[in-house]
Amino acid sequence: MSRPTLQLYNSMSRAVEPLQPLDPAGKRVSLYVCGPTIYNYGHIGNFRTYVAVDLLKRALTYFGYQVDHVMQFTDVDDKTIRGSREKGMPLKEFTGIYRQAFLEDAKTLNIEIPARTPNATDHIPEMVELIQKLIDKKSAYVSDDGSVYFRISSFPKYGCLCHLDLSSLISGARVNQDEYEKEGIGDFVLWKKWVPADGDVGWDSPWGKGRPGWHIECSALSMGHLGPEIDIHGGGTDLRFPHHENEIAQSEAATGLTFVRHWFHVEHLLVDGQKMSKSLGNMYTVRDVLERGYTGRELRYALLSGANYGKNLNFTWQGMDDAKTALARIDEWRKRIGEAAIGAPALEEVTNASEQIKSIDEALSRDLNINDLLGILFTWIRVSNKALDEKSLSAAQAAGYCLAYDSLDTILGLGSAIITIPAEVQSLADQRAEARKSKNFPQSDELRKAIEALGWKVKDTAKGQELSRA
RNA sequence: GGCGGGGUAGCCAAGUGGUAAGGCACGGCUCUGCAAAAGCCGAAUGCGUGGGUUCGAUUCCCGCCCUCGCCUCCA
């Protein structure tokens with residue numbers, strides 16, 4: 001089936017543009033995403049970004065592209081070093097804990113882990129090589145203390161991504177006054193000279209022992225894994241400046257090529273309308289949300305549906321409840337429509353799905369318009385439920401809805417609720433079935449209350465009781 | 001000061017130069033032993049505000065108000 005061309009907002013041009021991959025065959029799309037710094041558990045704001053990236057990746061796959069996806073883990077910087085020293089742990093061990101935690105949380109949210117997730121520290125030689133190249137090209141210099149800086153004045157395009165004027169940087173609000181050794185105020189560090197606070201963290205280099213600056217890892221890893229020019233580079237909106245701006249400078253100064261064709265930035269998540277911060281006590285991890293009794297897929301739904309990726313998403317517990325209810329309705333419907341499809345003819349004979357899939361394609365192609373997509377889904381739900389109530393939906397039509405939904409869910413990634421009923425709950429339900437058989441309704445109601453007290457809901461249907469999580 | 005994003009029903013949120021998707025919440029009804037689930041019906045004469053362009057603007061233009069973010073820690 002032919003699909004529309006995917007239109008994506010490009011934060012470089014500030015316009016929605018059709019995606020045009022470098023691959024001459026138009027099949028392969030290279031995608032690099034700036035991963036987390038692994039010094040702590042990721043919060044839901046981090047995961048809003050990665051859920052959005054996951055949506056992008058799934059959409060690309062859906063549109064028939066072969067996605068070459070790389071995301072690095074930043075496992076060396078001030079925060080990781082400080083954290084590991086506080087815990088009295090080797091850096092690698094310390095960051096390993098949070099790398100693992102991130103992967104687990106991603107799994108909770110049904111985020112597809114990129115095929116390659118390199119750690120920055122496993123690629124120091126590539127970074128050193130890139131820095132040397134920049135020095136050779138006079139785009140970087142070694143300062144008196146042995147650190148290496150990128151020379152912004154050597155790169156006229158500097159500021160192109162963020163539309164910044166270099167002179168405005170000089171009068172910028174926050175400039176580190178301590179960095180006397182820099183030639184220019186906007187120059188940024190490529191290689192940081194070892195200092196005692198770094199402890200045993202450090203690598204040898206032509207400029208002495210030290211460690212890479214933050215930005216160089218993404219340039220080295222992106223180019224190393226995906227080539228000097230890539231299709232899409234993404235991350236949270238806060239990375240635009242300085243991180244991505246600096247990546248462009250480093251990479252393009254070294255290669256003379258266009259580093260990235262399409263920039264994908266995800267807007268931030270707010271909590272109760274405010275920026276998350278420790279002082280406000282509104283920073284939640286994925287684990288915190290789970291502890292409140294929500295599931296990963298409920299959080300995924302909330303993160304996906306709260307707002308399109310390019311806009312701030314306001315996280316609230318009310319929003320989590322809304323998500324939970326809406327998702328339960330989708331689940332209920334999927335189950336019902338699936339049962340109605342039993343006995344349907346072979347899939348190739350199911351024709352009404354194509355129209356539905358077409359509407360999905362169209363909404364998705366418009367810069368991943370998830371809310372339009374959900375609007376379409378809920379319309380299917382209402383229309384088909386009505387038809388089922390009226391007994392006017394054929395098995396073939398039901399199968400068409402199943403087909404369309406399952407296709408849609410390759411993008412949404414909601415999957416299905418896996419329900420394991422505790423023995424205690426099942427036992428109460430069995431007793432209730434007996435009570436109902438003998439029309440002992442008072443006892444039946446008592447048992448329902450007992451089941452609800454355990455956090456479960458019971459529903460009476462023509463086929464008997466059905467249990468679900470409250 | 002510079003750059004950018006928002007202001008659409010109680011809450012969340014799409015959208016369009018031609019008369020306001022969807023979700024959640026709420027009320028009534030149908031169904032049900034009662035519930036639940038599902039369905040039906042119900043709310044914006046209106047899309048921050050004042051002008052302008054137009055046959056027609058929430059959608060385009062200008063001014064104003066409010067709000068959020070970024071301007072070298074940050075997804």
Side-chain angles (χ1 to χ4, degrees), chain A residues 11 14 33-37 42-53 77-79 152 159 162-165 167-169 171-176 179 185-189 214-215 234-243 245-246 265-270 273-277 301-302 305-308 310-316 318-330 332-333 335-336 363 366 369-379 381-390 436 439-442 444-445 448-449 452 457-462 465-466 468:
Chain A
S11 29
R14 295 179 178 169
V33 176
C34 292
T37 303
H43 53 67
I44 54 176
N46 295 313
F47 283 99
R48 195 266 165 125
T49 296
Y50 298 112
V51 165
V53 168
D77 79 324
D78 290 349
K79 294 187 291 287
I152 278 187
C162 303
H163 305 88
L164 284 177
D165 180 355
S167 57
S168 75
L169 274 181
S171 56
R174 278 184 269 165
V175 172
N176 189 341
E179 297 183 271
I185 201 90
D187 291 354
F188 56 91
V189 71
W214 173 35
H215 316 294
T237 187
D238 55 311
L239 296 183
R240 291 181 65 176
F241 192 86
H243 188 55
E245 195 69 61
N246 291 352
H265 287 107
V266 183
E267 258 309 322
H268 276 178
L269 173 145
L270 304 173
Q274 291 178 293
K275 190 176 175 175
M276 273 191 300
S277 75
Y301 184 89
S305 69
N308 285 342
K311 287 190 179 176
N312 283 124
L313 183 153
N314 188 23
F315 179 91
T316 61
Q318 173 65 50
M320 274 307 297
D321 285 337
D322 292 356
K324 180 177 179 166
T325 308
L327 185 55
R329 185 160 159 225
I330 295 171
E332 184 78 29
W333 169 79
K335 193 172 161 215
R336 188 182 187 201
R366 292 197 333 270
N369 194 325
I370 192 79
N371 276 299
D372 265 359
L373 220 58
L374 291 170
I376 291 165
L377 171 60
F378 281 102
T379 302
I381 292 178
R382 192 181 61 252
V383 169
S384 61
N385 266 327
K386 183 178 182 184
L388 285 168
D389 281 359
E390 292 168 351
R436 283 173 51 76
K439 300 218 184 293
N440 186 346
F441 294 120
S444 163
D445 290 343
R448 176 159 54 204
K449 274 187 196 163
E452 282 169 359
K457 272 193 301 207
V458 62
K459 173 171 124 179
D460 298 315
T461 73
Q465 300 180 97
E466 275 180 20
S468 59

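Note on naming: letters A, B, ... go to the chains in the order of the sequence lines (proteins, then strands), and numbering restarts at 1 for each one.
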- Task: Please tell me if the side chains of Val383(A) and Lys386(A) come closer than 4.5 Å, counting only heavy atoms from C-beta onward.
- Result: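 Result no, sub-4.5 Å side-chain heavy-atom pair not found.
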
- Message: Using the side chain to side chain contact (heavy atoms under 4.5 Å, CB included) criterion, which residues pair with Lys275(A)? Sequence neighbours excluded.
- Response: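 With sequence neighbours excluded, Lys275(A) shows a side chain to side chain contact (heavy atoms under 4.5 Å, CB included) to no residue whatsoever.
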
Both distances below 3.5 Å, Watson-Crick or wobble geometry, any strand: find the nucleotide opposite [N].
N       : result
rU59(B) : none
rG69(B) : rC3(B)
rC40(B) : rG28(B)
rC34(B) : none

- Query: So does Asn369(A) get a side-chain nitrogen or oxygen closer than 4.0 Å to the phosphate oxygens (OP1/OP2) of rG15(B)?
  - Reply: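 Checking rG15(B) against Asn369(A), a side-chain N or O does come within under 4.0 Å of OP1 or OP2.
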
- Message: OP1 or OP2 of rG4(B) versus the side-chain N and O atoms of Arg14(A): is any pair under 4.0 Å?
- Response: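 True: Arg14(A) side-chain N/O within range (under 4.0 Å) of rG4(B) OP1/OP2.
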
- Which nucleotide, rG15(B), rC74(B), rG33(B), lies nearest any side-chain atom of Asp238(A)?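 The listed nucleotide nearest to Asp238(A)'s side chain is rC74(B).
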
- Task: Consider the side chain of Thr37(A), meaning its heavy atoms from C-beta on, and name the nucleotide among rA75(B), rA13(B), rG33(B) that approaches it most closely.
- Result: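 From the listed options, rA75(B) comes nearest.
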
- Whole-Å distance separating the CZ atom of Arg240(A) from the C1' atom of rC3(B):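 It is 9 Å, rounded to the nearest whole Å.
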
- Message: List the residues meeting side chain to side chain donor-acceptor pair (under 3.5 Å) with Gln274(A), not counting sequence neighbours, and say none if there are none.
- Response: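 None.
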
- Item | Partner residues of Arg366(A) under the side chain to side chain donor-acceptor pair (under 3.5 Å) criterion, sequence neighbours left out |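 So Arg366(A) forms a side chain to side chain donor-acceptor pair (under 3.5 Å) with Glu362(A), Asp372(A).
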
Between the protein and nucleotides 25-30 of chain B, which nitrogen or oxygen pairs are less than 3.5 angstrom apart?
none

- Query: Can you name the residues that form a ring-ring contact (aromatic ring centres under 6.0 Å, His included) with Phe188(A), not counting sequence neighbours?
  - Reply: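 Counting only residues at least two positions away or on another chain, Phe188(A) forms a ring-ring contact (aromatic ring centres under 6.0 Å, His included) with Phe150(A), His215(A).
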
- Kindly say whether, by distance alone, the side chain of Asp372(A) makes a donor-acceptor pair under 3.5 Å with the base of rG22(B)?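 No, the side chain and the base share no sub-3.5 Å donor-acceptor pair.
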
Could you go over nucleotides 35-38 of chain B and give all protein N or O partners under 3.5 Å, atom names and distances?
unit_1: rA35(B); atom_1: N6; unit_2: Asp460(A); atom_2: O; d: 3.1
unit_1: rA35(B); atom_1: N1; unit_2: Asp460(A); atom_2: N; d: 2.8
unit_1: rA35(B); atom_1: N3; unit_2: Arg448(A); atom_2: NH1; d: 2.9
unit_1: rA37(B); atom_1: O2'; unit_2: Glu332(A); atom_2: OE2; d: 3.4
unit_1: rA38(B); atom_1: O3'; unit_2: Asn385(A); atom_2: ND2; d: 3.0
unit_1: rA38(B); atom_1: O2'; unit_2: Arg336(A); atom_2: NH1; d: 3.3
unit_1: rA38(B); atom_1: O2'; unit_2: Asp389(A); atom_2: OD1; d: 3.3
unit_1: rA38(B); atom_1: O2'; unit_2: Asp389(A); atom_2: OD2; d: 2.9

